[in-house]
Each structure stands twice: as C-alpha cells, then as structure tokens.
Amino acid sequence: MHVSFDPWSPAFVADPYPAYTALRAAGRAHWFEPTGQWLIPHHSDVSALLRDRRLGRTYLHRFSHEEFGRTPPPPEHEPFTTLNGQGILDLEAPDHPRIRRLISKAFTPRTVENLAPTVRRLAAELVDAFVAKGGGDLLAEVAEPLPVAVIAEMLGVPEADRGLLRPWSAAICGMFELNPSEETARAAVRASVDFSAYLRGLITERRANPGDDLISALIAAHDEGERLTEQEMISTCVLLLNAGHEATVNTTVNGWRTLFHHPEQLAALRADPALLPTAIEELLRYDTPLQMFERWVLDDIEIDGQVIGRGAEVALLFGSANRDPERFARPDTLDLSRTDNPHITFGAGIHFCLGAPLARLELAASFGELLRKAPALRMTGEPEWQPGYVIRGLKELRAEV
C-alpha cells in the first residue's frame with residue numbers, strides 16, 4: 001500500500017500526486033512505519049483534524065515527554081528546540097491565543113491594505129529588473145526577494161542585513177522535513193543561535209530607539225503588560241519570516257512551472273487578467289508548497305473505525321487533500337476559473353495562517369507584474385526540485401522574456 005509513498009525519493013518529490021491517489025483509494029488512515037506516523041490523505045479528515053482540539057502541535061502543555069511516551073530532543077538541539085517551541089505555530093493554549101492576539105494586529109485587513117502600495121512597488125521594481133536583462137532565475141530574482149523584503153520591512157530589519165535572513169531561514173526549515181539528518185540538525189542549531197543573537201540585538205536597539213515596525217510594537221505591548229517574553233518575541237519574528245516567505249516563494253515558482261506546463265491556461269490568464277484572483281487560489285490548490293502538516297494526538301480519536309491513540313502523531317497530507325475528488329471536481333485538472341475552491345493550503349483552525357492575506361497580496365502583485373510586462377515569458381529548461389518533501393519547491397526556475 002505504501003510502496004509509492006516515498007518522501008525521500010526524488011521521483012516522488014517531483015510528482016507525489018499518483019501516490020496520493022493510491023492512498024486515498026486504499027483508506028482514510030495509514031500507518032507509515034519509517035516515520036512512525038499515521039498518514040491522513042482525505043480532504044474531509046484533514047479539514048476536520050485541523051480543527052479538532054483533541055490534537056495539538058505540541059503536547060508539552062499537558063504532558064511531559066515521558067508521560068507522552070516520547071524521547072526528549074537531544075540536548076545539543078536545544079537552541080533550535082527553544083526557538084521553534086516558543087513560536088505560535090508550535091504552541092497551544094494558553095500561550096498560543098495570547099501571542100497570536102498580539103501578532104494579529106499586524107495582519108488586519110487594513111494593515112495589509114496599507115502595505116499594498118509597498119508590495120506593488122517592490123514587485124514592479126523586481127520584475128522591471130528581470131525584464132530588462134531578458135530573464136534569468138525567477139526564484140532568485142523575483143519570487144524570493146519580494147516576500148523577504150516585505151517581512152523584513154514589517155519587522156524593521158535594516159536593508160543591509162536582509163541578505164542574512166534567507167540562509168538562516170532555509171537552515172531552520174530543514175528541521176521540518178521527515179527524519180532530518182544530524183548534519184541538517186547542526187545547521188539548524190547554528191542558524192538558530194545566529195538568528196536569535198541578531199534579533200536580540202535588534203530588540204535591544206528598538207527598545208532604545210522605537211520605530212514604526214512590528215518589533216517596536218511587540219516591545220510596546222510587553223511594556224503595557226501583555227506579557228510577551230524576549231524569547232517569545234524572537235521566536236515570533238523567526239516564525240513570521242520563515243512562514244511569511246517560504247510558502248510565497250514556492251507558490252510563485254511552483255505556480256509558474258505549472259502555468260508553463262499548461263499553456264492553454266496561461267494563455268487564458270494572459271488574455272483575461274481578471275482571472276488572477278481565482279488563478280492564484282487554483283495554483284495554491286493544484287501544487288501546494290506545504291505538502292504535510294503534523295499534529296500530536298492528545299486524546300484518542302477514531303477515523304473510519306481505526307482508533308488512533310494518545311501519543312500518536314498524524315501527518316495531514318495537504319497535497320492529497322487538495323486533489324481529493326470527493327471535494328473538488330476534476331481535481332487533477334488545472335482550472336484557473338475554479339470558484340468552488342476550499343483548498344487547505346493555509347491550514348485551518350487556530351493555526352490558520354495569519355499571513356494568508358499578505359501572501360495573496362504578494363502573489364497577485366508578482367504574477368500581475370510578470371503577466372503585464374513579460375507577456376511572452378517562457379521556461380528555458382525543466383527545473384530540478386529541492387530534496388525536501390514537506391516544504392516542496394524548486395531549486396531554480398530559469399525563464400526568458
């Protein structure tokens with residue numbers, strides 16, 4: 001049953017969708033021995049479990065490692081464990097709602113709308129430079145710089161320091177892959193130490209000289225009694241950078257690769273730019289950058305007669321859920337005009353992506369600029385995929401105008 005589900009295989013990473021079809025046909029919950037997880041491939045189950053409070057991103061708010069039957073992380077991983085464990089993506093109540101409430105002020109519809117001119121200006125500058133040189137690597141020259149610049153702007157990271165952020169982020173995100181190697185862990189620990197030290201210095205500087213940025217706002221909230229520790233501030237900033245650009249970068253390049261492979265859909269989009277809003281949602285569904293989201297079972301659950309007990313881990317397969325024929329008509333067909341599109345690329349429940357409106361704004365800006373200014377844009381060779389499966393994206397995407 002699981003022969004085709006091989007997240008370490010380059011062929012699987014390049015096209016996991018046939019394996020998902022087989023998993024969905026074979027049942028609703030599958031034990032996967034190599035990672036010790038239950039694979040959940042159906043849209044209805046994934047959507048329900050994202051909202052189910054019997055599961056959590058952590059268990060430490062209720063149990064010790066030993067009580068939960070789990071081995072504590074190695075002491076040498078402590079810098080990464082602390083950094084990651086204090087971010088809202090891996091917290092539950094009461095800490096999660098307290099921190100999320102503070103950060104959410106930076107992502108209100110009005111705040112995002114106020115960012116729109118900056119996002120559009122940055123996208124236009126990047127695309128102008130790309131077009132002027134006749135093309136290049138869409139990932140490095142357009143997809144990556146835009147969200148990094150926007151999040152850095154929000155946090156108040158000086159422009160001269162922004163080149164540090166993506167390498168740190170990439171090293172830390174390596175730990176979110178399945179069964180990461182010790183080399184990956186060492187790189188993540190080094191990046192956690194360096195990134196934390198950098199942000200600690202930036203927080204100190206903002207305490208002395210507050211600005212119009214999110215770090216200054218978090219410091220002010222702390223001073224007004226909102227109980228945000230310095231570690232929570234640091235972890236929040238790292239999470240915002242990682243989550244705030246990894247998905248957008250990969251949606252951009254995965255999306256353009258998809259369009260190049262569907263020339264009739266690309267032609268329709270070029271002929272009718274009003275399609276862009278539904279096109280972005282369809283590209284998010286069709287080839288989601290986050291293929292898997294893991295949660296711990298805090299209290300027994302049952303899926304189609306299969307009891308999954310406390311202490312287990314479920315792997316919610318977003319990529320499979322977004323191609324489930326029980327929820328999407330013609331799920332393997334790219335339809336940029338699709339309106340019934342409840343994809344779960346941004347998650348659901350209390351961990352629904354705070355930055356979804358900002359991601360949509362950035363995607364609309366970069367796709368819109370490229371459609372307008374590079375109407376003959378074409379891929380100049382089939383790109384290679386990064387080895388990672390959980391966060392799935394390309395190494396580069398060469399194109400010419």
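Just so you know, these numbers come straight off a predicted model, no measurement behind them.
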Could you check whether Thr333 and Asp335, counting side-chain N and O atoms only, form a donor-acceptor pair closer than 3.5 Å? no

Side chain to side chain, Arg98 and Asp95, heavy atoms closer than 4.5 Å: yes

Can you check whether Phe318 and His343 have ring centres sitting under 6.0 Å from each other? no

Would a 4.5 Å heavy-atom cut-off, applied to side chains only, mark Ile88 and Leu354 as touching? yes

Do Asp137 and Lys395 meet the salt-bridge criterion of a basic N to acidic O distance under 4.0 Å? no

Is it true that Arg285 and Glu282 make a salt bridge, defined as a side-chain N closer than 4.0 Å to a carboxylate O? yes

Mark yes when over 12 heavy atoms from residues, nucleotides or ligands other than Asn179 sit less than 6.0 Å from its CG; otherwise mark no. yes

Check whether any side-chain heavy atom of Arg270 sits under 4.5 Å from a side-chain heavy atom of Arg372, and report yes or no. no

Heavy-atom check, side chain of Ile203 versus side chain of Ile219, under 4.5 Å: yes

Does the side chain of Ser181 pick up a donor-acceptor pair with the side chain of Thr184 at under 3.5 Å? yes

Could you verify whether a donor N or O on one side chain and an acceptor N or O on the other, from Asn254 and Tyr286, lie under 3.5 Å apart? no

So, Arg360 and Glu281, do they make that salt bridge, N to O below 4.0 Å? yes

Does the plane of the ring in Phe293 sit parallel, tilted or perpendicular to the ring in His351? Use 30° and 60° as the thresholds. tilted

Contact between Tyr20 and Gln291 at the side-chain level, heavy atoms closer than 4.5 Å - yes or no? yes

In terms of heavy-atom contacts, does CD of Glu183 have more than 12 from other residues, nucleotides or ligands at under 6.0 Å? no

Examine the side chains of Arg200 and Thr204 and answer whether a donor and an acceptor come within less than 3.5 Å of each other. no

Salt-bridge contact Arg53-Glu92 (side-chain N to carboxylate O under 4.0 Å): yes

Under the ring-ring contact (aromatic ring centres under 6.0 Å, His included) test against Tyr389, which residue among Phe176, Phe12, Trp8 passes? Phe12

Could Glu313 and Arg295 be called an ion pair, given the rule that one side-chain N must be under 4.0 Å from one carboxylate O? no

Answer yes or no for Arg57 and Trp296: cation-pi contact, defined as NZ/CZ to six-membered ring centre under 6.0 Å and angle to ring axis within 45°. no

Please determine if Glu76 and Arg186 form a salt bridge, counting it only when a charged side-chain N lies under 4.0 Å from a carboxylate O. no

Answer yes when Glu246 and Arg166 have at least one side-chain N-carboxylate O distance shorter than 4.0 Å, and no when they do not. yes

Pair Asp299 + Arg54: basic N to acidic O under 4.0 Å: no

